[in-house]
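Just so we're on the same page: letters track the sequence lines, and every chain starts at 1. Worth knowing before you read on, the calculation uses all heavy atoms, side chains too, and leaves out hydrogens, waters and symmetry mates. In this text, all values refer to a predicted model and were calculated from it rather than measured experimentally.
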Amino acid sequence: MTSAKVQTERYNPQAVETNWQKVWNDKDLFKTDNADPREKYYVLEMFPYPSGRIHVGHVRNYAMGDVVARFKRAKGFNVLHPMGWDAFGMPAENAAMKNKVHPKDWTYENIASMRGQLKSMGLSLDWTREFATCDVAYYHQQQKLFLDFLKAGIAYRKKSKVNWDPEDQTVLANEQVIDGKGWRSGVEVEQRELTQWFFKITDYAEELLKGLEGLNRWPDKVRLMQKNWIGKSEGMSVRFAFDGEDRDPLEIFTTRQDTLFGASFMALSPDHPLSKELAEGNTDLAEFVAECRRHGTSVVAVETAEKRGFDTGLRVKHPLEDRTLPVYVANFVLMDYGTGAIFGCPAHDQRDLDFANKYGLPVTPVVLPSDGDAHNFKILEEAYTGPGTIFNSDFLNGLSIEDAKKTVADKLEKAQLAGAQQGTRQVNYRLRDWGISRQRYWGCPIPIIHCDACGPQPVPEDQLPVELPGDIDFEKPGNPLDRHASWKHVECPACGKDAVRETDTMDTFVDSSWYFARFTAPDAPTPTQPDDANGWLPVNQYIGGVEHAILHLLYSRFFARAMSQCEHMEISEPFEGLFTQGMVVHEAYHDGQERIWYAPAELRFEGEGSDRKAFLVDSGQEVSIGKIEKMSKSKRNTVDPDDIIRSYGADTARWFVLSDSPPERDVIWTDAGVEGAHRFVQRVWRLAQEVAALGEGTSAADHALTAIAHKALNSIETDIDGLRFNRAVAQIYELANGISSSLAKKSDGDTGAIRDAFGMMLQALAPMMPHLAEECWAHLGHSDLLASRPWPTIDESLLSEDTVTLPVQINGKRRAEISVAADAAKSDVEAAVLAMPAVQKALDGGAPKKIIVVPGRIVNVVV
RNA sequence: GCGGGCGUGGUGAAAUUGGUAGACACGCAAGAUUUAGGUUCUUGUGGCGCAAGCUGUGGGGGUUCAAGUCCCUCCGCCCGCACCA
């Protein structure tokens with residue numbers, strides 16, 4: 001140890017962080033100017049629901065976004081990095097019912113405290129663009145959008161089956177129904193027919209599907225999930241004429257028209273109009289239909305349900321041969337897919353086979369596997385769904401499945417031309433229209449007035465916004481808007497007679513389907529102002545949790561198209577790049593039966609590894625250390641970011657969530673990890689003081705440390721661009737190690753190189769630990785702000801070495817190394833390698849069988 | 001059931017996409033500094049072995065001069081969808 005010890009003081013994050021936050025804020029450093037001519041870059045994290053407190057998942061999400069924002073700013077982009085609040089929704093109403101606080105007050109108070117928490121993280125956000133979706137100005141625009149959609153035929157009303165919670169007296173979304181029971185009330189959910197507002201997302205099914213192909217900066221996983229959700233299947237609709245009945249033909253949808261000769265029955269959904277009609281005159285059938293309805297929704301019921309049916313006695317004619325098929329009502333046929341009716345081909349569909357076996361219907365195989373024997377191929381308990389050749393099928397015999405599908409489709413379509421109405425090619429999607437009506441108070445009112453004489457009328461534009469009333473009571477269950485004494489009673493805008501407002505509000509997913517567009521124009525009178533939106537959209541980098549892979553992201557993609565159709569903007573995709581980050585998880589502690597859960601702060605720990613034990617601090621009682629799982633209030637395994645920021649500072653928290661774990665993977669929160677992160681903060685500060693104490697020195701451009709710094713910055717740049725923050729962090733550690741060892745053995749003349757390398761390290765650090773970097777930068781005597789400094793220019797000439805060390809393998813095992821010029825010819829390398837003693841020894845006087853030289857990589861000698 | 005992903009030291013993980021497996025960090029061990037603890041610094045740290053060396057990326061097999069990476073197969077874990085005709 002040759003260097004004189006520099007007396008260092010400890011870094012005090014609390015004072016330093018608030019100071020720099022104030023400096024940045026006073027200079028409006030992160031306020032975005034739409035007129036700025038530089039290239040635009042829009043980075044957005046999924047905006048939070050104002051639950052009251054931020055959690056470490058938010059910290060991770062916003063830290064990642066902030067790294068990108070600060071880095072892109074340093075790279076010279078005009079960056080938009082805004083923040084807002086997804087503020088409508090049930091929790092506010094639940095709080096109102098429980099604590100007698102108005103949802104509005106509850107929400108805005110939560111926003112105020114969460115805003116304070118986010119500000120303490122030192123995020124480079126443009127706070128002037130902040131809004132909450134419950135702001136009247138925001139939902140005003142949303143109501144206008146709704147009316148535009150209505151005019152364009154994108155919004156419509158229809159009767160539909162919904163999940164109705166009789167306790168809470170509201171409609172529940174499918175994901176709010178758990179095992180057939182309401183997620184909040186725990187009461188058995190009923191199926192009700194209600195008239196609801198829908199968005200015609202199905203009109204965009206094909207576009208939404210095609211658009212996925214172009215989203216190459218989205219995770220494959222999310223694209224695949226959306227593809228499956230849209231669920232395109234190509235087949236045909238086939239019409240079966242009734243035998244001896246004067247009825248319209250029975251229309252079914254199939255993707256397997258090639259197996260038509262194997263058909264042995266028809267099956268209707270219990271909800272099919274024909275089932276309902278027949279049930280009216282048949283009490284047994286009516287009973288069967290009612291029973292089917294009682295089952296249905298819950299996952300368990302579906303899994304275990306036996307295939308059951310009811311023979312209606314009706315018969316239809318087979319479209320391709322001279323025979324008839326019985327028509328059943330069956331519990332496994334869904335009304336809301338296809339036409340609600342199917343033809344059953346037991347040999348090649350497991351459900352149909354189970355059904356046929358139960359009711360003694362014929363099972364005729366028509367697809368023969370390549371190793372099958374046409375005379376002995378039998379289907380007993382397991383349907384054959386694999387590839388093969390068509391047989392037992394008249395004119396289709398010998399064709400492949402694909403050719404048979406085509407032949408049948410052609411034939412039935414031709415028959416249709418001839419007036420026989422037999423079939424048409426058809427594409428079906430699993431995707432359904434989006435029902436947006438919710439019987440709730442705390443949401444965006446649907447701007448419609450119902451008049452007995454004129455029907456539903458849009459609220460005229462000059463009467464917008466339809467504001468939520470402030471005086472509201474939550475004493476009784478049901479929709480408070482509907483109960484309100486005066487709010488809903490209005491005049492019909494068309495005829496002036498007494499009429500009532502629509503009292504349903506919109507699904508909160510509507511609010512989050514276009515908020516990214518609202519950020520682009522801070523004071524826009526229209527939703528987006530096309531000029532601004534078009535310059536900023538699509539969002540260049542969107543970051544959020546994978547739990548929104550389907551609904552939110554699909555709805556937003558739909559909105560981008562629908563809003564473009566209504567001329568609010570001109571884009572099809574809202575998010576050019578998407579990154580789904582992993583969760584922050586933590587051990588959970590319980591009483592052994594997972595009934596009582598304990599917070600980490602209540603416990604002390606003893607031992608290591610498998611001997612590790614946890615005890616209650618108060619009583620000393622031992623508790624069980626449970627699984628590492630998602631932080632949740634109910635399991636009490638949450639960590640409050642405020643505590644971390646108060647004791648270690650925001651930079652430590654940011655550094656911890658960016659380190660170690662790849663950002664798409666879950667990260668385990670541990671105290672040791674946080675302390676490790678904090679030690680690095682202190683170490684950087686010590687380095688800053690030691691470097692500052694060096695004083696000015698001459699810069700030696702050819703110093704080894706200079707090359708290390710340029711290489712590090714170069715790969716950090718690539719890593720941040722690819723959102724591989726954990727690798728960028730590792731690079732910074734290596735650079736810090738390089739600087740430390742140069743300091744330890746410094747000689748006169750190095751000081752300039754050390755100062756320069758440390759400065760570069762601070763610039764690399766700035767996107768991740770902005771306060772610390774800024775403080776160190778100022779400590780080195782700089783008068784400008786690091787936060788507004790451009791990213792350093794990388795000297796390309798320092799990135800490559802003149803000589804490289806190549807591993808030398810003999811028969812694929814590493815036996816030696818050799819130093820050669822980086823641009824050495826293959827033959828020279830070969831000669832040098834062959835002259836090596838280790839190689840000579842291995843060759844034992846002979847010649848090598850083969851020698852492989854991969855320039856800059858490796859040499860392998862095969863003997 | 002269908003679809004997708006993953007499996008690397010005591011731990012979190014790297015590996016330029018077929019080219020030195022374990023970068024970086026945590027932990028651990030030994031030593032130094034400190035009044036003590038923490039901090040800090042140095043050295044070591046996949047396993048076996050005194051060593052030369054051998055071995056090693058869930059198991060087995062294959063392709064290749066060369067496999068964590070590609071192919072086949074089995075095992076285990078995770079996620080999504082789920083009677084979608």
Side-chain angles (χ1 to χ4, degrees), chain A residues 1 5 8 10 219-229 231-233 235 252-257 259 267 269 296 299 301-303 305-307 330-334 336-345 348-352 354-355 385 428-432 546-547 549-550 608-610 656 659-662 664-668 670 672-680 682-683 686 715 718 724 726-737 740 744 805-817 848-863:
Chain A
M1 180 65 99
K5 260 249 154 35
T8 59
R10 275 182 80 78
D220 289 341
K221 181 184 169 180
V222 174
R223 290 197 285 178
L224 187 68
M225 279 163 74
Q226 292 216 350
K227 184 180 175 221
N228 293 340
W229 189 263
K232 180 179 183 173
S233 44
I252 60 100
F253 175 74
T254 182
T255 56
R256 292 302 302 269
Q257 63 269 22
T259 65
S269 163
V299 181
V302 167
E303 255 174 17
E306 192 186 6
K307 302 284 173 285
N331 65 347
F332 66 94
V333 182
L334 305 173
D336 48 8
Y337 185 79
T339 63
I342 59 156
F343 84 81
C345 175
H348 305 293
D349 182 293
Q350 191 59 45
R351 294 154 303 177
D352 296 349
D354 294 345
F355 189 83
T385 54
N428 242 304
Y429 299 91
R430 206 190 79 110
L431 185 69
R432 316 276 157 72
V546 73
E547 66 272 19
I550 297 177
E608 297 287 335
S610 56
F656 172 75
S659 306
D660 290 342
S661 278
E664 68 278 6
R665 221 174 286 178
D666 289 351
V667 61
I668 303 167
T670 61
V674 178
E675 275 157 29
H678 188 64
R679 270 204 295 279
F680 185 64
Q682 295 294 352
R683 184 176 165 209
R686 267 197 318 277
S715 30
T718 315
R724 291 180 291 265
N726 56 321
R727 295 212 305 203
V729 164
Q731 290 289 339
I732 291 175
Y733 273 115
E734 278 190 80
L735 179 52
N737 290 345
S740 288
T805 304
L806 298 182
V808 176
Q809 294 184 333
I810 293 165
N811 288 335
K813 287 192 191 293
R814 184 179 162 284
R815 282 294 128 95
E817 318 189 307
K849 277 196 194 127
K850 206 171 180 182
I851 177 162
I852 293 117
V853 179
V854 185
R857 283 268 168 272
I858 202 163
V859 181
N860 191 7
V861 183
V862 186
V863 296

Open item on the list: Need one value for A:D349: base, sugar-phosphate or nothing, where a base atom within 4.0 Å counts as base even if backbone is also close, heavy atoms only.
Closed with: nothing
Open item on the list: Using a 4.0 Å heavy-atom cut-off, does A:V861 contact any base of the nucleic acid, only the sugar-phosphate backbone, or nothing at all?
Closed with: nothing
- [ ] Determine, for A:F355 and A:K307, whether the Lys NZ or Arg CZ falls below 6.0 Å from the six-membered ring centre while staying within 45 degrees of the axis.
- [x] no
Open item on the list: Counting the atoms with a prime plus P, OP1 and OP2 as sugar-phosphate, which does A:S233 contact under 4.0 Å by heavy atoms, base, sugar-phosphate, or nothing?
Closed with: sugar-phosphate
Task: Separation of the C1' atoms in B:U57 and B:C6, to the nearest angstrom - done: 14 Å
Task: Atom-to-atom span, CD1 of A:I810 to P of B:U20 - whole angstrom - done: 16 Å
Open item on the list: Please give the distance between the P atoms of B:G59 and B:G68 as a whole number of Å.
Closed with: 12 Å
- [ ] Consider the side chain of A:I852, meaning its heavy atoms from C-beta on, and name the nucleotide among B:A85, B:C65, B:C54 that approaches it most closely.
- [x] B:C65
Task: Nearest-Å distance for atom pair CD/P, residues A:Q350 and B:A82 - done: 20 Å
Task: Proximity to the side chain of A:S661 - top-ranked nucleotide from B:C26, B:A25, B:G12 - done: B:G12
- [ ] State whether the side chain of A:S269 and the backbone N or O of A:L334 hold a donor-acceptor pair below 3.5 Å, judged by distance alone.
- [x] no
TODO: Have a look at A:R432 and say if it touches a base, only the backbone sugar-phosphate, or nothing, with a 4.0 Å heavy-atom cut-off.
DONE: base
Open item on the list: Parallel, tilted or perpendicular: which one describes the rings of A:F680 and A:Y733, with boundaries at 30° and 60°?
Closed with: tilted
Open item on the list: If you only use heavy atoms from C-beta on, which nucleotide in B:C83, B:A25, B:G19 is closest to the side chain of A:Y733?
Closed with: B:A25
Open item on the list: With a cut-off of less than 4.0 Å, is there a side-chain N or O of A:R683 near OP1 or OP2 of B:U40?
Closed with: no
- [ ] Please report, rounded to the nearest Å, how far the P atom of B:A66 is from the NZ atom of A:K849.
- [x] 11 Å
Task: P gap between B:G80 and B:U43, integer Å - done: 47 Å
Task: Secondary structure string for RNA chain B (Watson-Crick or G-U under 3.5 angstrom, | for other-strand pairs) - done: (((((((..(((......[....)))((((((.......))))))(((....)))..(((((..]....))))))))))))....
TODO: From the options B:C41, B:C54, B:C24, select the nucleotide whose nearest atom is closest to the side chain of A:R815.
DONE: B:C54
TODO: For nucleotides B:A82 and B:G1, find the distance between their C1' atoms and express it as a whole number of Å.
DONE: 8 Å
Open item on the list: Classify A:N726 by what it touches in the nucleic acid, base, sugar-phosphate, or nothing, heavy-atom distance under 4.0 Å.
Closed with: sugar-phosphate
- [ ] Ignoring backbone atoms, establish whether A:N811 has a side-chain N or O less than 4.0 Å from OP1 or OP2 of B:A66.
- [x] no
Task: Selected nucleotide, minimal atom distance to A:P807 side chain, candidates B:U39, B:U20, B:A13 - done: B:U20
Task: Distance, rounded to the nearest Å, where A:K232 contributes NZ and B:A85 contributes P - done: 13 Å
Open item on the list: Nearest whole Å is fine: how far is B:G80 C1' from A:N228 CG?
Closed with: 8 Å
Task: Options B:C65, B:A85, B:G3, nucleotide nearest the side-chain atoms of A:L224 - done: B:G3
Open item on the list: Roughly how many Å apart are B:G12 and B:A67, using the P atom of each and rounding to a whole number?
Closed with: 27 Å
TODO: Taking atom P in both B:U33 and B:G22, compute the distance separating them and give it to the nearest angstrom.
DONE: 34 Å
TODO: Could you check which of B:U20, B:A23, B:A25 has an atom nearest any side-chain atom of A:E817?
DONE: B:U20
Open item on the list: Taking B:U8 as the reference, what is the distance to B:U69 when you measure between their P atoms (whole Å, please)?
Closed with: 13 Å
Open item on the list: Nearest to the side chain of A:P662, heavy atoms from C-beta on, is which of B:A13, B:C54, B:A21?
Closed with: B:A13
Task: Rounded interatomic separation in angstrom, taking CD from A:E664 and P from B:C78 - done: 19 Å
TODO: May I ask you to verify if any side-chain N or O of A:R679 is less than 4.0 angstrom from the OP1 or OP2 atom of B:G27?
DONE: yes
- [ ] Tell me whether the OP1 or OP2 atom of B:G4 has a side-chain N or O from A:K227 closer than 4.0 Å.
- [x] no
Task: Side chain of A:N860 - closest among B:A85, B:G19, B:U39 - done: B:G19
- [ ] Considering just the side-chain nitrogens and oxygens of A:K850, establish if one lies under 4.0 Å of OP1 or OP2 belonging to B:C65.
- [x] yes
Task: A:T339 backbone acceptor or donor facing A:N428 side chain under 3.5 Å - done: no
Task: Options B:G19, B:C24, B:U40, nucleotide nearest the side-chain atoms of A:V854 - done: B:G19
- [ ] Report yes or no: does A:N811 contribute a side-chain atom to a donor-acceptor pair with the main-chain N or O of A:V863 at less than 3.5 Å?
- [x] yes
TODO: Could you tell me whether A:S659 contacts a base, only the sugar-phosphate backbone, or nothing, with contacts defined as non-hydrogen atoms closer than 4.0 Å?
DONE: nothing
- [ ] In whole angstrom, give the distance that lies between atom CZ of A:R430 and atom C1' of B:A85.
- [x] 14 Å
- [ ] Give the rounded distance in Å between these two atoms: CG of A:L334 and P of B:A85.
- [x] 10 Å
- [ ] Examine distances only and state if a side-chain atom of A:N860 and a backbone atom of A:I852 form a donor-acceptor pair shorter than 3.5 Å.
- [x] no
TODO: Take atom P in B:A21 and the same atom in B:G56, then report the distance between them in whole Å.
DONE: 12 Å
